[in-house]
K.L.:
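Can you read through this structure? Questions will come right after.
Residues: numbered from 1 along the sequence shown.
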Amino acid sequence: MREPDVPQAHSTAALTTAPPALRRGACPSLDEPMQTGDGLLARLRIPGDHLTPRRLQAIAETAARYGNGQLEITARGNLQARGLTHQTAPRFAEAIETIVPIERGLVVETPPLAGIDPLERADPRPLASAIRARSVAGLGPKVTVIVDGGGQIDLVALGADIRFSAISPDHWQLSVANTPVGSVATASAAAAAEAILTLIAAHGEAARGRDLPPEVLRQAVAAHLTGTASPSPRPATSAIGEFTLDQGFAAGIALPFGSIDSDSLIALARSALVLGITDLRLAPHHALLALAADPAMLAAWIEAAANLGFITAPTDPRGAVSACIGSEGCASGHLAARSLAAGLSEHHRDLLDGSITLHVSGCAKGCAHPRAAALTLVGAEDNCALVLNGLAGDMPLAEIASARMESALTRLTRQRLPGETTAACLTRLGASTIAGLFRQE
Ligand code: SF4
């Protein structure tokens, strides 16, 4: 599956007469939703990640009408609707296009506060637009460019085929497959991106930045490089919290386990409307930002979000946990992953101290967290498997009955020394001791 070389809208007629392409492991989109265990999953690429409360409400109502009402904001800040069917997916797509414009073509991501953030080193939007304008044919749909101005909510934690990280308004660090290549001037950055994208395309539709031989890559961009400078490091950022902007303020909340039911999202959008908030932004790490001139409006919105069950504090242990719907909504699930995750978040706050990520997955596919996590609990035929520092599909360290998971985590928590983080504790214990604790040897 690939998206058109030149971004173009699919006609309504095409959507209503042709079933969407369904390919496991493909990149889901509105035009080509992906088959999952709970039906079809459609990803909505919202230009600039900007939504009004009315649009968010309409999208949630449409997701409830045509899908199972479960909505997600992904780790990259994309909105997704779940539980569509072959019959409803085209109608969903048609309805969404009447609510909000949908972006197609090369994925070029910028931070959600780009251009209005007083702490960013450079406004990434002009460079992002220039890269989007240089259409390169033959790229796969997963190829991603990040242009990060380095503000209060950066995109450092997200992977990218090509990344421009602002050093200053005039210079960017260029990285390919998360490996620094050198620095480039703003004036030649889009040309450097085009040269790399052309190389990726030449390696075939499945190619990514990581597939480029280093010497070929360096030769392709040599004329654009100005040195080896890199941005000065900054502490990791969270989108949950309050932010001061060039004009006005922003406040961020997150969806518990990246997912929420449509009723709660509709209620959240309505509360923004009632408060007079007009600007919402999808943000990385399953977050949603509201922007307003008056911080009191944002405080009231945060309170409404907390009452609806959203994550409103960076210390909420649910923020360290990823979980899919599992057996409560997915035919492939062997575990009620989200319910188990909710219980573990409540009962194991000490374990979830922010130093580790816990992933609870209904099966080995690991939809909710397609990256390594410190601890991953995976539903299997008869048991629950534990994977240490890996993906849901990796070799388990131990297997126990899911009913014994709570007590196994309690035994693990008791191993922590005073003042020790969970990450340090896991490192100190090592794999064989952790396996023994889980098996209660
Ligand atoms: S990881 Fe979860 S959502 Fe994905 S297929 Fe397995 S059970 Fe279903």
K.L.:
Give a yes or no on whether a salt bridge exists between Glu97 and Arg104, defined as a side-chain N under 4.0 angstrom from a carboxylate O.
P.N.:
yes
K.L.:
So, the side chain of Ser327 versus the backbone of Ala336: is there a donor-acceptor pair under 3.5 Å, distance only?
P.N.:
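Looks like yes, one N/O pair under 3.5 Å.
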K.L.:
Looking only at side chains, do Asp31 and Ser29 share a donor and an acceptor under 3.5 Å apart?
P.N.:
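There is no such pair between these side chains.
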K.L.:
Evaluate the side-chain proximity of Ser135 to Leu106: yes if any heavy-atom separation is below 4.5 Å, no if none is.
P.N.:
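They are not in side-chain contact.
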K.L.:
So, applying side chain to side chain donor-acceptor pair (under 3.5 Å) with Ser322, which one of His286, His369, His359 is it?
P.N.:
His369
K.L.:
Run the numbers on Ser259 and Gln70 for side chain to side chain donor-acceptor pair (under 3.5 Å), then give the verdict.
P.N.:
CA-CA 7 Å; Ser259 176; Gln70 284 296 315; 2.9 Å; yes
K.L.:
Answer yes or no: is there a donor N or O on one side and an acceptor on the other, between the side chain of Thr427 and the main chain of Ala423, under 3.5 Å?
P.N.:
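The answer is yes, because a donor-acceptor pair under 3.5 Å joins these two groups.
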K.L.:
Taking the inter-plane angle between the rings of Phe164 and Trp172 on a 0 to 90° scale, is it parallel (under 30°), tilted (30 to 60°) or perpendicular (over 60°)?
P.N.:
perpendicular
K.L.:
Would you say Asp38's side chain and Gly83's backbone share a donor-acceptor pair under 3.5 angstrom?
P.N.:
no
K.L.:
When you compare the side chains of Ser407 and Thr410, does any donor N or O come within less than 3.5 Å of an acceptor on the partner?
P.N.:
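Not at all, the side chains of Ser407 and Thr410 share no donor-acceptor pair under 3.5 Å.
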K.L.:
Sort out for me which residue in Val143, Ile146, Asn178 forms a side-chain contact (heavy atoms from CB on, under 4.5 Å) with Asp161.
P.N.:
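Testing Asp161 for a side-chain contact (heavy atoms from CB on, under 4.5 Å) against Val143, Ile146, Asn178 leaves exactly one candidate, Val143.
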K.L.:
Among residues at least two apart in sequence or on other chains, which ones pass salt bridge (Lys or Arg N to Asp or Glu O under 4.0 Å) with Arg134?
P.N.:
Glu194
K.L.:
Looking at Ile400, Leu409, Leu437, Ile434, which hits side-chain contact (heavy atoms from CB on, under 4.5 Å) with Leu386?
P.N.:
Ile434
K.L.:
Within the structure provided, determine whether Leu119 and Phe243 are in side-chain contact (heavy-atom separation under 4.5 Å).
P.N.:
no
K.L.:
Answer yes or no: does atom CZ of Arg208 have more than 12 heavy-atom neighbours from other residues, nucleotides or ligands under 6.0 Å?
P.N.:
yes
K.L.:
side-chain contact (heavy atoms from CB on, under 4.5 Å) between Leu41 and Leu84: does it pass, once the steps are laid out?
P.N.:
CA-CA 6 Å; Leu41 164 72; Leu84 302 163; over 6 Å; no
K.L.:
Tell me if a side-chain donor or acceptor on Asp316 pairs with a main-chain N or O of Ile311 at a distance below 3.5 Å.
P.N.:
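Judged by distance alone, no pair lies under 3.5 Å.
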K.L.:
Does the Thr74 side chain pair with the main chain of Asn78, one donor and one acceptor, at a distance under 3.5 Å?
P.N.:
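Yes; at least one donor-acceptor contact below 3.5 Å.
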K.L.:
Could you check Thr422, Val360, Leu412, Leu397 and say which one makes a side-chain contact (heavy atoms from CB on, under 4.5 Å) with Leu375?
P.N.:
Leu412
K.L.:
Sub-3.5 Å donor-acceptor pair from the side chain of Arg338 to the main-chain atoms of Ala323, do we have one?
P.N.:
yes
K.L.:
Decide whether Glu406 and His348 meet the rule of one side-chain donor and one side-chain acceptor closer than 3.5 Å.
P.N.:
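The criterion, which ignores hydrogens and geometry beyond distance, is satisfied for His348 and Glu406.
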K.L.:
Walk me through it: do Glu328 and Ser339 pass the test side chain to side chain donor-acceptor pair (under 3.5 Å)?
P.N.:
CA-CA 8 Å; Glu328 290 173 318; Ser339 295; 2.7 Å; yes
